[in-house]
Amino acid sequence: MTEQTSASSAEDVLLSVRGVEVHFPIRSGVLVERQVGAVKAVDGVDLDIPRGATVGLVGESGCGKSTLGRAILRLVEPTAGTVTFDGTDLGSLAGEELRRMRRQLQMVFQDPMASLDPRQNVQSVLSEPLRAHGVGGDHTARVRELLDLVGLPASAANRYPHEFSGGQRQRIGIARAIALEPQLIVADEPVSALDVSIQAQVVNLLEELQDRLGLTYLVIAHDLAVVRHIADVVAVMYLGGLVEQAPSDDLYATPLHPYTKALMSAVPIPDPAVEDTRQRILLQGDLPSPADPPPGCRFHTRCPFRQPTRCDDERPALRTVEGHPQAHRVACHWAEDIEAGRIQPAASAVIEPDPAPDPDPAATT
Amino acid sequence: MTTTEPLLDVRDLSVTFARKSGPTVHAVDGVSFTVRPGETVGLVGESGSGKSVTSLAVMGLLPRRGVRVGGQVLFDTDDLLTLPRDRMRDIRGRDIAMVFQDPMSSLNPVVPIGVQVTEVLERHQRLRGDKASAAAAELLSRVGIPDPTRRLKEYPHQLSGGMRQRALIAMALACQPRLLIADEPTTALDVTIQAQIIELLKELVQDTGAALVMITHDLGIVAGLCDTVHVMYSGRIVESAGRRELFAEPRHPYTGGLLASVPRLDAPRGAPLHPIPGSPTDVLRWERGCAFAPRCPNRLDACTDGPPPLETLPGRRLRCLNPLSETEEVPA
């Protein structure tokens, strides 16, 4: 799962997203509704998911990452662009054909309590996809097999969702997603609703299932540490568009986009020695509204490296940067200059570590 | 200010909830810790560890019905648990303030922000009219809300999550409390906004000299912010130490397990995670043994014979019969 990805990405793409846009209309008016604008949740995204790999999609709330995940599965209809799965354009499918294709594309949701019917027992939850897709045979045996795959006892089949802990419920959600032996699983924040000590169990389970069943994952998450752990390729999204995309190791070793840099420096690391010595870039303000995104580079309103005029006027496209692998692409006009240190961040955005952190706070007060 | 005198001294605090059916729940069970002026103390634990109930008990915000609170909570020399209600109301908001997790549900949705901020000033500092609004505007700008006079007239839904949390912090700081309790103040926020809020809290604590009790499940936040850390599990403190000591050398298997199970941004990729088996709901009742025993890799037979005591070691308190050895490498 780790070695093959960057090498094979060109040859064997399972899912390919080209120019996908999802615009939700804003309507106004009492009798006659007029469209007065659009929330550009996803605004032109290209993304390739190689077979057998894990692609991580990170970004803050409101950046459109979940909408993109849903658009890929056609749970929301993209307003423009194409999604090609294993050579088939998903947009061209309808009715029965689409339904059949859905066997290959499954989803794991964030909140397992909300995505499992409280009145269905586990047997029923797990055999429902089999029934829906007309899989015959002995469902009881298949359910037992699924439970075993996700590390739950066979006795779980007769119980109801509320009888399980959060981690176990997420295992049920995962079992349901793999019931039809799909090729691609879109996991939208699969661990963020779980307790810290449980998150690792679910992350390990996802990795184990990938090895055993040859799954391809799109993992959508806001937690960069989780994504770093699980993903081979990471795409960073900001306000409807990708700002950087790279093999995981490259991205975390040398983030090129100012937003990626800021995002990483904002993640607290559970180690006082690291926390006390690292420099942070603090972003000002909040995410602008996707109904009225800023012109030019979407990030320029918060960017500590912003340069006059070009950032405000011209929207940067994803491109490669010299000295970095082909697969590392960034949407910033000034990536080279920032990397070389020719452009420094605004002083107000940088927080230097305390020069001499005081080991004993009581002594100073 | 004396350095040794604690500002808050929680002694043997216990909170039990009576239930209609089934046994009573010991949400907090014999918790003791102190907070000195200017100190930042972290209470860390997962859901059900009792960290939030501890803070609510300190603030006197638990419902009276069906709840029994025992022990002492000394603030200066007053025991907050026995203080008459009106005295407590004076202290709450003025001397001790609290910031909650979800700013949307802690603000009144049908009252403008300005009214909610000035309410605190009117109640505790007897400010009125223009004076109160001016003070409120200044508070908002102090916590980094741009254009405060306009914001004062707005309703909570018109503010972003980060702004709402800032407004809440402004309300908490209105009377320059000597103790601020923050219960998961950044859990509902995005990571870049979380960084802003943590930085703001750090700054405010430094400037005002207030003590801070930070309640969180995020070890990363504790690592960068707190002086002393108490790790809670199922209602009791299992390990307390200075943050450096705790992170460099966790002794309780639960602390060690937590650190080994969180993915770290700076860890080499492919480093396996070592989850703690089971879930926080698989607990033993403390009377019967160590609550963590069912999930503990270091379990001994003696662990389930009775409750392990909280021992005081140099620079550390530890509730474990078979701790991780001092030199043992925690799998990272």
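So that the names make sense, note that chain A is the first sequence line, chain B the second, and so on, each numbered from 1. As the structure is a prediction and not an experimental result, all values here were calculated from the model.
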Residues 164-175 of chain A vs side chain to side chain donor-acceptor pair (under 3.5 Å), sequence neighbours excluded, gives A:Ser165-A:Gln168, A:Arg171-A:Gln201
Residue selection (most heavy-atom pairs with chain B, distance under 4.5 Å) from A:Ala266, A:Pro272, A:Gly166, A:Ala200:
A:Pro272
B:Val191, B:Ile221, B:Thr192: which one forms the most heavy-atom pairs within less than 4.5 Å of chain A?
B:Thr192
Chain A contact via B:Glu199 - side chain, backbone, both or neither, heavy atoms under 4.5 Å:
side chain
Whether the B:Asp183 and B:Ser52 side chains hold a donor-acceptor pair (N or O, under 3.5 Å, no angle test) is what I'd like checked.
yes
Can a donor-acceptor pair be found between the side chains of B:Gln196 and B:Arg166 at a distance below 3.5 Å?
yes
Under 3.5 Å side-chain donor-acceptor pair for B:Ser279 and B:Arg295
no
Can you say whether A:Val203 sits under 4.5 Å from chain B via the side chain, the backbone, both, or neither, judging by heavy atoms?
side chain
Can you tell me which of A:Arg228, A:Gln284, A:Met264 forms the most heavy-atom pairs within a distance under 4.5 Å of chain B?
A:Arg228
Give, as side chain, backbone, both or neither, the part of A:Val202 having an atom under 4.5 angstrom from any heavy atom of chain B.
neither
Heavy-atom distances under 4.5 Å only: say whether B:Asp218 touches chain A with side chain, backbone, both or neither.
side chain
Using a distance-only test with no angle check, is there a side-chain donor-acceptor pair under 3.5 angstrom linking A:Ser248 and A:Asp232?
no
Is the number of heavy atoms from other residues, nucleotides or ligands within 6.0 Å of CD (A:Glu208) greater than 12?
yes
Portion of A:Asn204 that has a non-hydrogen atom of chain B nearer than 4.5 angstrom:
side chain
So if I apply the side-chain hydrogen bond (donor to acceptor under 3.5 Å, both in side chains) rule between A:Tyr259 and each of A:Arg302, A:Arg298, A:Glu244, A:Glu60, which one comes out positive?
A:Glu60
What part of A:Leu282 is in contact with chain B, defined as an atom under 4.5 angstrom from a non-hydrogen atom: side chain, backbone, both or neither?
side chain
Please look at A:Ala231 and chain B and tell me whether the side chain, the backbone, both or neither of the residue comes under 4.5 angstrom of a heavy atom of that chain.
backbone
Taking the six-membered ring for Trp, are A:Phe299 and A:Tyr238 parallel (under 30°), tilted (30 to 60°) or perpendicular (over 60°)?
perpendicular
Less than 4.5 Å to any heavy atom of chain B: does that hold for the side chain of A:Ile351, its backbone, both, or neither?
side chain
When the 4.5 angstrom heavy-atom criterion is applied to B:Ile193 and chain A, the contacting part is both
Counting only non-hydrogen atoms closer than 4.5 Å, does B:Glu46 touch chain A with its backbone (N, CA, C, O), its side chain (CB onward), both, or neither?
both
If we ignore angles and hydrogens, is there a donor and acceptor under 3.5 Å between the side chains of B:Ser261 and B:His274?
no
